[in-house]
> 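Below are the structure tokens for one structure; questions will follow.
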Amino acid sequence: MLETRKASAVNGQQVLDVKMYINGKWKDASDNQTREVINPATGEVIAYAAEGTIADAREAIFAAREAFESGVWSDLPPMERAAYLYKIADKIEEQAEEMAKLETADNGKPLREAGFDMGDAAACFRYYAGMITQPDGQTYHVADPMQAMVVREPIGVCGLIVPWNFPLLMSVWKIAPALAAGNTIVFKPSEITPINPTNLIKIIEEAGVPKGVVNLVHGAGPVVGNEIASHKEIDMVSFTGGTKTGKHIMKAAADTIKKVSLELGGKSPNIIFADADFDVAVDYALFGIYCGSGQVCSAGSRILVEEGIYDQFIKRFTERAKQIKVGPGLDEETEMGPLVSKEHMEKVLSYIELGKKEGARLLFGGERLTGENLGNGYFVAPTAFADTTLEMRIVQEEIFGPVAAIQKFSGEEEAIRLANGTDYGLAGAVFTADGAKAMRVIKKLRAGITWINSYHPTYNEAPWGGYKQSGIGRSLGTFGLEEFQEIKQININMQVEETGWFKN
Ligand code: NAD
């Protein structure tokens, strides 16, 4: 666990000291700069994180390169690499309770959500530990006397850049498969939530992973992140974050033709037909948008409701949403926590103002919440707009907050047209009692992750990623490992003699 620094300059309380980990050493930034880490439920400083520089990023990149070339990790038999990953999973589980509290303090999410994330993180390491020891590759029956085969190899040095909405889990979705595949890594968590990503690296160190294999650099995206995306010694950049940043990453990576994997934003449709189980559909619609305060890439932020049940849906959805208990994540009663930062809260509130200007009908919420236990936290009430239309910016753009845009549709064809009507294509769901209709609609949905009569369940075993401007590539499942592997063709000559092509 992270060490405690003496006192915050702001309020005199004890705060955490979040360092970087480069070539097996814990370090401050090369110019000793730090950044405040804020608890979004209170507005208080809970840590100071090293603010990495370009020089720090380069040191980490060279350390990862040296470790990769040495074979200290990539040449290990997969069973041995797997043993490290199992050890990491065990250690996450041992510390899960404390880490869940830190996740809540850093990100704001309710403790029960953070608890799930810790369990999923440990399971993800175990999943890839198991997978890397399984047979893979292919053989090809080409003309005699040749035999062709394909083997999978690590890519090399992987740059991993992640966001703040699942600080530990988004880190693990990349680190577990990247390490399983035999790569070395340079890892940059979000500057907003560096605490558990750093604890994870401590755990990896304690598990005995050799120095240089895993390197952690904190700092600003346009500085450290950009250096990782553009540096020649990085063979692949795997990024999760906003679509706008994803475009920067692709451009930064272009000059060195590195492999780019992108998990980006979404504006996902949740389609509710009139024949659906009404209470179940309302329940999942609430879960789809308000879980994680709407700060979930796959959030069901566009709720498309068939005309026959539109008014009834709005009535019930409003009644239930108004009962959601908003508060600090550490409170057991809390069902929805704050937004992650003041800047993000202001962005979400500005979208709510925009929705009003665009003529959408505000059903409830729409304001910052203050009061007894909310103090200086960044709380925004669950909010919904009805009568939204496809042209509105609140329907087209990712708000990434507890703001639902509800839209009426008539029949299957219109549902599909509206559902596919944005630049995003991450996720989507259909609620109906008609199985054939559910499949017809899902098959037309231009999205990578879909549910029928459900919303949000995510599995380590199944691929995660988007169509269109929601990304390139997949996390998790077998695809998640393949992202971090090169494919090599090997041709074996079974008759070792001259070709006779040239006469002399
Ligand atoms: P962000 O794009 O602002 O930042 C993500 C990471 O990129 C951070 O570590 C940041 O420091 C870094 N970064 C920022 N600018 C950079 C640059 N120019 N070069 C390199 N790195 C840079 O995203 P965020 O606000 O942290 O996270 C929210 C976004 O993440 C949402 O759009 C959400 O949908 C998306 N997200 C997607 C998935 C998915 O699986 N598709 C999962 C979680 C979050």
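Indexing begins at 1, ligand by ligand and atom by atom, following the structure's order. Quick caveat, the model's predicted, so the values are computed rather than measured. Sequence positions, counted from 1, serve as the residue numbers for this chain. Below, each value reflects all heavy atoms present in this structure, side chains not excepted, and no hydrogens, waters or symmetry copies.
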> Before signing off on this row, confirm whether W164 and ligand 1 have an N or O atom pair separated by under 3.5 Å.
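Yes - when backbone and side-chain N and O of W164 are compared with those of ligand 1, one distance drops under 3.5 Å.
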> Which residue and atom name correspond to the protein heavy atom nearest atom 16 (C) of ligand 1, and how close is it?
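Going atom by atom, the protein heavy atom closest to atom 16 (C) of ligand 1 ends up being T245 CG2, 3.3 Å.
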> Less than 4.5 Å apart, side chain to side chain, heavy atoms only: is that true for L476 and E461?
no
> Taking distance alone, with N or O pairs closer than 3.5 Å, would you say G242 contacts ligand 1?
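Yes, there is a polar N/O contact under 3.5 Å.
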> Any atoms of ligand 1 less than 4.0 Å from a non-hydrogen atom of N165? List them with their elements.
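Answer for ligand 1: 43 (C), 44 (C).
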> Side chain of R65, backbone of A60: donor and acceptor closer than 3.5 Å?
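Judged by distance alone, no pair lies under 3.5 Å.
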> Quick one: which ligand 1 atoms are inside 4.0 Å of a heavy atom on I161?
6 (C), 7 (O), 9 (O), 12 (C)
> Numbering the atoms of ligand 1 from 1, which are under 4.0 Å from a heavy atom of G265?
32 (O), 34 (O)
> State whether a side-chain donor-acceptor pair under 3.5 Å links T240 with K174.
yes
> Any nitrogen or oxygen of W173, main chain or side chain, under 3.5 Å from a nitrogen or oxygen of ligand 1?
no
> Is it true that K232 and D255 make a salt bridge, defined as a side-chain N closer than 4.0 Å to a carboxylate O?
no
> What residue and heavy atom of the protein are closest to atom 27 (O) of ligand 1, and at what distance?
P163 CB, 3.2 Å
> Can you report which non-hydrogen protein atom sits closest to atom 7 (O) of ligand 1, along with the distance?
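Ranked first by proximity to atom 7 (O) of ligand 1 is F239 CE1, 3.1 Å.
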> Is R35 salt-bridged to E51, cutoff N-O under 4.0 Å?
yes
> Which option, V223, I228, N226, L264, owns the non-hydrogen atom nearest atom 37 (C) of ligand 1?
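That would be L264.
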> If you have a sec, work out which protein heavy atom is nearest atom 36 (N) of ligand 1 and how many Å separate them, to one decimal?
C297 CB, 3.5 Å
> Main chain of I195, side chain of D106: is a donor-acceptor contact present, judged purely on distance under 3.5 Å?
yes
> Pick one of side chain, backbone, both or neither for how P189 approaches ligand 1, counting any non-hydrogen atom pair under 4.0 Å.
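The answer is the backbone.
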> Side chain, backbone, both or neither: which part of F166 comes within less than 4.0 Å of ligand 1 when only heavy atoms are counted?
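No part of F166 comes within reach of ligand 1.
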> Under 6.0 Å between ring centres, would you say that holds for H231 and F62?
yes
> Can an N or O of G219 be found at a distance shorter than 3.5 Å from an N or O of ligand 1?
no
> Considering only non-hydrogen protein atoms, determine which one is nearest to atom 18 (N) of ligand 1 and report residue, atom name and distance to 0.1 Å.
P222 CA, 3.8 Å
> Is it true that a side-chain atom of Q295 and a backbone atom of V340 form a donor plus acceptor pair closer than 3.5 Å?
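Such a contact is found between Q295 side chain and V340 backbone.
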> Tell me whether the centres of the aromatic rings in Y459 and W451 are closer together than 6.0 Å.
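Y459 vs W451: aromatic centres not under 6.0 Å.
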> Does D117 come within less than 4.0 Å of K109, counting only side-chain N to carboxylate O?
yes
> For atom 8 (C) of ligand 1, what is the closest protein heavy atom, and at what distance to 0.1 Å?
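In this structure, atom 8 (C) of ligand 1 has V162 O, 3.4 Å as its nearest protein heavy atom.
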> Less than 3.5 Å between some nitrogen or oxygen of T240 and one of ligand 1, yes or no?
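Such a contact does not occur with ligand 1.
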> Tell me, with the steps shown, if D136 and Q485 meet side-chain contact (heavy atoms from CB on, under 4.5 Å).
CA-CA 12 Å; D136 66 11; Q485 292 176 316; 4.2 Å; yes
> Would you mind finding which of F400, F187, W464 brings a heavy atom closest to atom 33 (C) of ligand 1?
F400
> Check whether any side-chain N or O of K258 sits under 3.5 Å from a backbone N or O of A229 as a donor-acceptor pair, and report yes or no.
yes
> With respect to atom 11 (O) of ligand 1, which of K347, H248, E191 exhibits the smallest heavy-atom separation?
E191
> Could you tell me whether atom 4 (O) of ligand 1 has at least one protein heavy atom nearer than 4.0 Å?
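Given the 4.0 Å limit, the answer for atom 4 (O) of ligand 1 is no, no protein heavy atom qualifies.
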> Counting heavy atoms only, which part of I249 comes closer than 4.0 Å to ligand 1: side chain, backbone, both or neither?
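The answer is the side chain of I249.
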> Assert yes or no for the condition that the ring centre distance of H456 to F287 is strictly below 6.0 Å.
yes
> For ligand 1, which atoms sit closer than 4.0 Å to a heavy atom of G225?
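Per the distance check, 19 (N), 20 (C), 21 (N).
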> Heavy-atom distances under 4.0 Å decide this one: backbone, side chain, both or neither, for M170 against ligand 1?
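Contact part for M170 vs ligand 1: side chain (C-beta onward).
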> Would W464 and W173 satisfy side-chain contact (heavy atoms from CB on, under 4.5 Å), going step by step from the backbone distance to the final call?
CA-CA 10 Å; W464 182 271; W173 283 15; 3.4 Å; yes
> Looking at S190, which atoms of ligand 1 are within less than 4.0 Å of one of its heavy atoms?
9 (O)
> Between E398 and ligand 1, find which residue part has any heavy-atom pair under 4.0 Å and reply side chain, backbone, both or neither.
side chain
> Can you tell me the protein heavy atom closest to atom 35 (C) of ligand 1 and the distance?
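It is G241 O, 3.2 Å.
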> Measure from the side-chain N and O atoms of E113 to the backbone N and O of G292, and report whether any donor-acceptor pair falls under 3.5 Å.
yes
> Atom 19 (N) of ligand 1: which protein heavy atom is closest, and how many Å away?
G221 O, 3.4 Å
> I'd like to know if the side chain of S475 pairs up with that of E263 as donor and acceptor (distance under 3.5 Å, no hydrogens or angles considered).
yes
> So is K188 polar-close to ligand 1, meaning N/O to N/O under 3.5 Å?
yes
